[in-house]
Amino acid sequence: MLTKVAPAVVMLGQNSLAVASKIINILPGATLYGLDGRTSGVDVSFTNFGETLRELFAEGTPLIGICAAGILIRTLAPVISDKRQEPPVIAVAEDGSAVVPLLGGLNGVNDLARRIAEALDVSASITTTGDLRFRTALLSPPPGYHLANPEDAKTFISDLLAGGKVKLEGTAPWLSNSQIPIDPKGELTIRISDRSSAVEPSCLVYHPATVAIGMNDTSGDEKDVLALLAQAGLAASSVAGIFAPISAAKNPAINAVASALGVPARFFTSNQLETHLSQGYSPAQAAAIAATGTSPAAHADMTLAIAIAPQPIDPSTIGQPRGRLAIIGTGPGGSQWMSPEVKEILKSATDLVGYKTYLDLVGGLGNGKQRHESDNREELARAKMALDLASTGRYVAVVSSGDPGIYAMAAAVFEVLDCHPQAEWDSVEIYVSPGISAMQAAAAAIGAPLGHDFCAISLSDILKPWSIIEQRIAAAAEADFVIAFYNPVSKERTWQLAAARDILLRYRTPDTPVVLARNVGRPGQTVKAIALDQLAPAVADMRTVILVGSTKTRTVKRSDGSIAVYTPRQYS
Ligand code: SAH
């Protein structure tokens with residue numbers, strides 16, 4: 001089976017870029033890793049080659065190193081332990097002249113190497129005897145087939161290499177088209193069957209993914225599904241997918257069963273069903289439709305059903321997955337302050353929704369995704385659009401800078417869910433992934449001004465009247481909070497900051513420390529401390545966050561001349 005995780009293409013020098021790009025082009029979702037200081041224009045730059053590779057390997061990421069085979073061998077040697085689990089590892093010559101599969105024979109390394117070799121116009125250096133002799137890898141069957149007894153494969157293949165002939169029971173085009181010596185009188189057997197049966201060493205059993213399981217809102221759990229399969233004498237590894245009407249997508253049991261069986265859950269909208277029923281369906285689709293109990297022949301009270309297709313079912317061609325909406329915060333700027341979870345979501349999402357500047361901030365991680373840019377002010381329309389997209393089965397990431405829950409998109413999404421609910425959105429799984437907010441990054445850059453109680457106030461009066469803002473600043477100042485001002489000034493909005501300062505001066509001394517942090521974490525970052533009475537619209541813009549100290553906030557001058565600002569943890 002080919003590994004599902006997207007590969008990592010790793011390069012050590014800029015000379016490898018041409019070859020790396022050709023490889024990336026044929027591997028959608030692949031991430032380009034490059035050695036820091038030696039490469040540019042990569043998705044992820046790393047400093048420690050060994051650690052990075054071993055970590056990716058341990059996660060099961062297929063590795064394509066544009067470097068000598070020996071480098072990969074020595075780097076990964078300490079972590080090679082289980083040939084069933086190891087991901088494909090391939091060495092590619094810097095000039096693209098050689099593609100050498102090294103590890104991951106059971107996880108499709110030869111197929112991956114052939115695809116890469118084809119893109120580079122060379123032939124892959126395949127060294128696996130069975131693969132060369134029989135033009136197929138019995139240990140790693142194509143998608144749609146699962147080898148039930150891999151423990152018997154070694155002896156079986158040795159017998160085959162020694163001249164054994166194979167009796168084929170059942171149908172599997174990939175075997176009939178291979179160069180395996182098929183003979184009805186063969187002493188070895190390959191059986192293709194969705195039945196669970198005892199295995200013997202002279203017989204390899206492949207379970208084809210021909211079984212569709214239908215569930216709905218009232219279906220049971222994994223135990224019930226396994227019991228039903230056992231009752232029918234079917235092998236659990238022949239299950240191709242769990243199928244259900246979209247209205248049941250929110251039933252956690254369905255997703256739990258699917259992940260327990262390691263198969264996708266796929267859902268039918270009523271439109272999709274109507275189209276199938278009026279315009280026809282493939283045998284595989286018919287099985288899925290029958291299993292969901294939505295075909296005319298089904299019983300009305302059916303809660304769990306099985307249907308069997310004549311050929312393996314490719315679930316990705318049937319119905320749609322449950323839609324997902326991830327509302328993510330990229331942090332204030334560069335990749336180093338973006339959480340690993342956010343990077344993971346960016347890699348897996350199919351669609352990115354957001355203000356152009358924020359989508360640009362995600363850099364190479366956004367490659368190959370559908371981008372839906374919009375104006376910064378159209379938050380509600382953007383939230384609706386993202387939910388609509390997700391309800392069609394897409395994996396949508398709504399991208400905000402900083403934290404998505406702080407003056408950003410998360411609240412907008414829940415606001416439309418609350419105030420303008422749509423039935424189609426019910427099936428969408430919603431997840432908010434936090435980020436480092438501008439005030440935190442700004443505080444860190446200059447010390448610890450948020451070391452005691454603080455609050456955040458947006459000075460934008462687009463979504464709330466100035467009278468409220470004014471009142472809030474006065475209350476926060478009186479309560480002696482450190483205040484983080486977001487959206488302090490814009491081209492059209494300048495007087496508010498001066499007005500805010502005047503309110504603050506009623507409660508704070510003119511020398512109260514104020515931190516001006518502009519473009520934090522981005523190129524051109526400036527972070528400095530001034531005194532409250534110097535605060536004026538000209539010192540800030542839309543890319544500035546301002547931290548106004550409390551009466552306790554202090555500055556420390558260090559021997560190198562730098563100034564740190566902090567707020568003590570206690571009132572003495
Ligand atoms: N969700 C964001 C805030 C968005 S509101 C967060 O959590 O950071 C936009 C305001 O955030 C800007 O006007 C500015 O005040 C502040 N801001 C966002 N990114 C910033 C950065 N990199 N440097 C300084 N301020 C920033």
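Both counts, for ligands and for their atoms, begin at 1 and track the order of listing.
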Between the protein and ligand 1, which nitrogen or oxygen pairs come in under 3.5 Å, and how far apart is each?
unit_1, atom_1, unit_2, atom_2, d
ligand 1, 1 (N), Ser401, O, 2.9
ligand 1, 1 (N), Asp403, O, 2.9
ligand 1, 1 (N), Ile406, O, 2.7
ligand 1, 7 (O), Asp403, N, 2.9
ligand 1, 7 (O), Ser437, OG, 2.6
ligand 1, 8 (O), Ser437, OG, 3.3
ligand 1, 8 (O), Ala438, N, 2.9
ligand 1, 13 (O), Asn487, N, 3.4
ligand 1, 13 (O), Asn487, OD1, 3.1
ligand 1, 13 (O), Met542, O, 2.6
ligand 1, 15 (O), Asn487, N, 3.1
ligand 1, 15 (O), Thr544, O, 2.7
ligand 1, 19 (N), Arg522, NH2, 3.3
ligand 1, 22 (N), Pro332, O, 3.3
ligand 1, 22 (N), Val520, N, 3.4
ligand 1, 22 (N), Val520, O, 3.0
ligand 1, 22 (N), Arg522, NE, 3.4
ligand 1, 23 (N), Asn519, N, 3.4
ligand 1, 23 (N), Val520, N, 2.9
ligand 1, 25 (N), Arg543, O, 3.4
ligand 1, 25 (N), Val545, N, 3.4

Residues that Ser460 engages under side-chain contact (heavy atoms from CB on, under 4.5 Å), provided they are two or more places apart: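 In terms of side-chain contact (heavy atoms from CB on, under 4.5 Å), with neighbours along the sequence ignored, Ser460 is linked to Ser458, Ile462, Asn487, Arg493.
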Report yes if some heavy atom in the side chain of His372 is under 4.5 Å from a heavy atom in the side chain of Met385; otherwise report no.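 Answer yes - side chains close enough.
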4.5 Å side-chain heavy-atom contact, Val556 and Tyr566: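 Side chain of Val556 against side chain of Tyr566, heavy atoms only: contact under 4.5 Å found.
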Just to verify, what does Glu424 make a salt bridge (Lys or Arg N to Asp or Glu O under 4.0 Å) with, not counting sequence neighbours?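 Partners of Glu424 under the salt bridge (Lys or Arg N to Asp or Glu O under 4.0 Å) test: none.
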Gln440 (side chain) donor-acceptor with Ile436 (main chain) under 3.5 angstrom: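 Pair absent, no side-chain N/O of Gln440 close to backbone of Ile436.
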For residues 318-328, pull every pair meeting side chain to side chain donor-acceptor pair (under 3.5 Å), keeping only residues two or more places apart or in separate chains. Gln272-Gln320
